[in-house]
Amino acid sequence: MAFQTAVDIAKQVASGSLSATTVLEEHLSRITEREGEVHAFNLVTTESARATAQAIDESVAKGRPVGPLAGVPIALKDNMCTRGVPTTCSSKILEGWKPPYDATVVTRLAAAGAVFVGKTNLDEFAMGSSTENSAFGPTRNPLDTSRVPGGSSGGSAAAVAAGFSAASLGSDTGGSIRQPAALCGLVGVKPTYGVVSRQGLVAFASSLDQIGPFTHTVADAALLMEVIAGHDENDSTSLPQPAPSLTAVLDRGVKGMRIGRITDLPEGCEPEVLTRLDEAFETLRRAGATIVDITLPSLSYGLTAYYLVAPAEASSNLARYDGVRYGLRVDAPDLNAMYAATRSQGFGPEVKRRIMLGTYALSAGYFDAYYGKALKVRRLLADDFSRAYSSCDVILTPTSPTVAFKLGEKTNDPLTMYLCDVFTIPTNLVGHAAMSVPFGKGAHDLPVGVQVLAPALGEEQMFMVAAELERGR
Ligand code: GLN
C-alpha cells in the first residue's frame, strides 16, 4: 500500500486543503487495526498527538505560519528523551523514568510542526539487529509478520512501513537505521557524525551514535534532515555548520559522478541482493555516472573492531544505571548488593553480554590487546576510505547481506546476528554518512536495500545518488 509522504502531508496541511487532525486520525486508525500484531510502539501518545494536530489546524485557520513538517505524524525511537513522557530504551532498568527535558531533535521536530504519535520499540539500549532483544517483546515486520523488522530501530521502521506514522527517527550506532530500513523497504539515513545533535539521545556508544530519519521517500528523508540537523550548542560533538540543504539537490542527477564498487566485498550475501546491487550500478551508469573499482582491505575487520569499541563505550555509559539515579531499584541489605540486584534484574542478556565484553576489553591487562588494537583498526579503516575517496565520490554496497529473516532464526547465536552489520558498521567507525535506499525485491519477494556511502559531510552527493536510485528502481 502506498502511504502519503511527509512532503505531501506538510504541503496540504499548510495550504489548508487537508487537516492535521484528519491525517492523524488516519494514522491512529491504522495503529488500532494492526499494532496488536506488529508491536511497533512502547507507547502511543494519542491524546497529546490530537492536541498538537488541533493546534496546527487552528494556526492554519488563523493564517499563522506553520513549519515545514506541519501535521506530519512522526514516531520516535524510545531511546530519545521526551519531557514527562516515559523513555525506556526497551529496558526494565529505566522503569518509571520520565526525562525532565526533550532531546534536541524532538524540540526541532516539534517546532517544525510534527505530530508525535508515540515511542517505538527497540533492542534493549539499541543493542541488536532484530528488535528481539526488547524487554517488552519483539516487533514484527509489517510486510511479513513471521519476520523481523531488523534492528535496533525496528519499531521506528515498522511504524513507517505499517503506515502508523509518515516518518520516524531512529539511532544508528552500527547500522540500526540503515539495516531495518532495508528490511522494511524504507529510506534510512545515518548522517555524518556530529551533523545531528545527540543531546537527549540515551548513549550507547558515544563515538558512534547518530540520530537519523526513516521515510518512504528520499525527498522525505531530505526534508527531515533539514529540520533535525545543524549545530547544537548542547552537544559538544556537534559540528559548527548549519543543516545541509538537501531537498534542493535531489533533481541534480549523477552525470559525471564517480561511483565506487568494492571489488573485495565480504562474502555471505544472498544472490538476489548482489543482483540488485549490480542493477543499482547499472542504473547510475545509465544516468551518466562512472563506475570505479576500489578496494577496502580492512572493511571486514570493522565488525571485530566495532564489537570491542561499542561494548567498551557501552560498559562505561551504562554504569550510570545503578538503582539510585534512574528507574528501577531492587532493594538489598547494602549498597553493593543493591547495585548487583538492580543491574541483574534490570538488564537483559544481550546488554549484560556487552557490558562484560566491554569491561574486559578495557581492563588493565587487556586494554592494549583489545581496545587499543580496535582503535588501530579504526584508523586503518579511515585510511582505506580516504584512499578510496580519492578516486570516487560515493560507494555502493548492499545494506544487509540478506532480506528480513524469521523471528527466532538468529536469537540463539549472537555471532550470526552480529554479521548482519558487516556493511553498515564501518561507516560508524569512521564517522561518515551513509543511507539505505529500497531497490527492488529479493528472496520471498521481500525488499532489498542498497547502501550509499559518502565521506564525512558528503550528504549532498549521497542524496543526489539516492534520488537517482529511487527514480531508476
Ligand atoms: N546491530 C548493532 C549492534 O547490535 C548495531 C546497533 C545499533 O546501531 N544501535 O550493536
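What you see below is based on every heavy atom in this structure, not just the backbone, and it leaves out hydrogens, waters and symmetry mates. Residue numbers count from 1 along this sequence. In this text, all values refer to a predicted model and were calculated from it rather than measured experimentally. Note that ligands are numbered from 1 as they come in the structure, with each ligand's atoms numbered from 1 the same way.
At a heavy-atom cutoff of 4.0 Å, ligand 1 is surrounded by Ala126, Met127, Gly128, Ser129, Ser152, Asp172, Thr173, Gly174, Gly175, Ser176, Phe204, Tyr306, Tyr307, Arg354, Asp421.
Considering all non-hydrogen atoms of both residues, Val187 and Ala181 come closest at C-CB, 3.9 Å.
A parallel orientation is assigned to the rings of Tyr389 and Phe385, their planes being inclined by less than 30° (bins at 30° and 60°). Under the 30°/60° scheme for interplanar angles, the aromatic rings of Tyr366 and Tyr360 are found to lie parallel.
Within the 3.5 Å criterion, the main-chain N or O of Arg198 finds a donor-acceptor partner in the side chain of Asp235.
Remark: Arg276 engages Glu279 in a salt bridge (charged side-chain N to carboxylate O under 4.0 Å, His left out) (not counting sequence neighbours).
Side-chain contact annotation: Thr45 with Lys119, donor-acceptor N/O pair under 3.5 Å absent.
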